[in-house]
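Everything below concerns the one structure shown next.
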Amino acid sequence: MAKLKQKTMWFCTSCGADSPKWVGKCPSCGDWNTMVEERVAAAPAAPSAAGSMSGQRPKAVPRPVNMIEAVDEPRYRLPGEEFNRVLGGGLVRGSIVLLGGEPGIGKSTLVLQSLLAFRTRRVLYVSGEESATQIKLRADRIGRSSENVYIVCETVLENIYEHIAEVQPDIVVVDSIQTIATETLDSSAGSVSQVRECAASLLRFAKESGVPVLLIGHINKEGSIAGPKVLEHIVDAVLQFEGDHQYAYRLLRAIKNRFGSTSEIGIYEMCQRGLREVSNPSEMLMSRNTDDELSGVSTDVTLEGIRPFLIEVQALVSTAAYGTPQRSVTGYDPKRMNMLLAVLEKRVGFKLGAKDVFLNIAGGLRVNDPALDLAVIASILSSNVDMAIGRGWCMTGEVGLSGEIRPVTRIEQRITEADKLGLTDILIPSGNLKGFDTSNLSIRIHEVSRVADAFRELFG
Ligand code: TYD
Ligand code: MG
């Protein structure tokens, strides 16, 4: 007897792997409890290997690498410089870019605002989430309008292609990929198979037509149903828009980029009338308007991509009220903080094991620069001994397990930035300067090789 055709499959919401039956642990990515059941249409018969060799399809010809011409990817430069930089210089023609982020963080605002400023390109903005009136209200709030941006509310993939044929846009935006469904599958919009299928179809469209497609996707902290994670290997670039809802600052970060670097970030501030580009990130720190010196506050010179800027680290160390001390961290890796606390305990002799430690990076930012270690240690020490660090002081350095301070990248840029902003003293890892000429800088440079030296420099 012929076996009944399979009607449902199980999909992993974290990597998109499929399985004919439920499993507790995804065999592909190893995550637990991520499988969801979805209805699928019977798969079309796979073309046989012999069929694909019979020469009906255009074949690619292998060529020696030195015979291949290197051509610059043609790009559309977007009106916003921050957005351009994160993309690696603009939107590459025929590319597909995913912009992910938590709901309400400002993805739609960012895209709408950038594209409304376009004077020369036609844009089709497909929204499956908001009505055209809502988008118009948002555009009014941002204070921009354009005759080149076409808005359509649509959730069926096949209809989107009709709208594209009608408008003939230069750029297509789909907000969001989780609301779009193709008629060829009968699972609901937002399911793993729909998200994957729609993205793959839009990818083919982008490659064939040369029209760049910008997909917006939601992720939530628990890892949503069909989060954009399943798309990461399909698309050319994955950008993430992140920030703390309590703060106005937002970071645009490239997680993957086939056409540029992933170390660049764009910084924005959410204002009453749209997002404002923060071209001088140190203002986040410099806007501090207290003159008094506070203990537990230190200033770090950090670097994201090629841009140095200053950020403030705040720590509070207090005697634990309960048996188990609390450790709470915002904007920094909690494991790394525990490591630094262990270094302080073992190498410098500070007994922090019975203390509550709270750490916070100002502005709600999350920075991945290892050179932040020294400022984290300094703020913890400052709070522990209740002595303020001098107002003109800043620092940069990575801390190793034996309490040594290790060299950091691009020290010249960091020192020059601190000097430019009028700081008076900087702590840097010893031996890091390597012949950099500091004679025309007015900032005093203190080289330290161990955490204990840093403590002595800061608190005498
Ligand atoms: P939105 O772009 O809708 O987020 P997403 O598309 O990521 O879900 O942003 C919504 C938030 O931004 C909302 O809470 C209101 C706020 N906002 C402002 O503060 N100022 C503005 O000018 C706009 C347009 C939105
Ligand atoms: Mg939105």
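Read the numbers this way: they start at 1 and go in the same order the structure lists the ligands and their atoms. Basis for what follows: all heavy atoms, side chains included, without hydrogens, waters or symmetry-related copies.
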Could you identify the single nearest non-hydrogen protein atom to [atom] and state the distance to 0.1 Å?
atom                    : result
atom 16 (C) of ligand 1 : Met270 CE, 4.0 Å
atom 6 (O) of ligand 1  : Ser108 OG, 2.6 Å
atom 1 (P) of ligand 1  : Arg138 NH1, 3.3 Å
atom 2 (O) of ligand 1  : Thr109 OG1, 2.6 Å
atom 22 (O) of ligand 1 : Gly274 N, 2.5 Å
atom 4 (O) of ligand 1  : Gly106 N, 3.1 Å
atom 8 (O) of ligand 1  : Gly104 N, 2.7 Å

* Asked: Is Ala248 in contact with ligand 1, taking contact as a heavy-atom separation below 4.0 Å?
  ->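 No.
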* Asked: Is the closest heavy atom of Gly101 to ligand 1 under 4.0 Å?
  -> no
* Should one rank Arg141, Glu102, Gln134, Lys107 by closest heavy-atom distance to atom 21 (C) of ligand 1, which comes out on top? ->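 Answer by nearest heavy atom: Arg141.
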Review item, side-chain donor-acceptor pairs of residues 266-276, under 3.5 Å, at least two apart:
from   : atom 1 : to     : atom 2 : distance (Å)
Tyr268 : OH     : Phe83  : N      : 3.3
Glu269 : OE1    : Arg276 : NE     : 3.2
Glu269 : OE1    : Arg276 : NH2    : 2.6
Arg276 : NH2    : Glu283 : OE2    : 2.9

* Output yes when a protein non-hydrogen atom is found under 4.0 Å of atom 13 (C) of ligand 1, and no otherwise. =>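 Flag for atom 13 (C) of ligand 1 set to false, no protein heavy atom closer than 4.0 Å.
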* Asked: What's the verdict on side-chain contact (heavy atoms from CB on, under 4.5 Å) for Ser146 and Phe118, showing C-alpha distance, side-chain angles and the deciding distance?
  -> CA-CA 8 Å; Ser146 166; Phe118 243 136; over 6 Å; no
* List the steps, then state whether side-chain contact (heavy atoms from CB on, under 4.5 Å) holds for Ile361 with Leu372. => CA-CA 10 Å; Ile361 307 291; Leu372 197 60; 3.8 Å; yes
* Counting N and O atoms only, with roles assigned by atom type, does the side chain of Asp170 sit under 3.5 Å from a partner on the main chain of Arg121, one being a donor and the other an acceptor? -> no
* Short side-chain to backbone donor-acceptor contact, Arg414 and Val301, under 3.5 Å -> yes
* To do: Go through the steps for Tyr161 and Phe205 under the test ring-ring contact (aromatic ring centres under 6.0 Å, His included), then give the verdict.
  => CA-CA 9 Å; Tyr161 289 125; Phe205 161 74; 5.8 Å; yes
[X] bridged to [Y] by N-O distance under 4.0 Å:
X      : Y      : value
Lys207 : Asp236 : yes
Lys107 : Glu102 : no
Glu242 : Arg253 : yes
Arg336 : Asp373 : yes

* To do: Go through ligand 1 atom by atom and flag the ones less than 4.0 Å from a non-hydrogen atom of Arg273.
  => 22 (O)
* Ligand-side contact atoms (ligand 1) for residue partner Cys271, heavy atom cut-off under 4.0 Å ->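 Once the distances to Cys271 are compared, the set is 18 (C), 19 (O), 20 (N), 21 (C), 22 (O).
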* Looking at Val213 and Leu202, what are the two nearest heavy atoms and their distance? ->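 Residues Val213 and Leu202, closest heavy atoms: CG2-O, 4.2 Å.
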* Structure fact -> Within the 4.0 Å heavy-atom cut-off, what Pro103 brings close to ligand 1 is backbone
* What distance do Ile180 atom CD1 and Leu215 atom CG have between them, rounded to the nearest 0.5 Å? -> 9.0 Å
* Asked: What is the distance from atom OG of Ser95 to atom OH of Tyr76, rounded to the nearest 0.5 Å?
  -> 10.0 Å
* To do: Report, as a single number, the protein N, O or S atoms less than 2.8 Å from the Mg ion (ligand 2).
  => 1
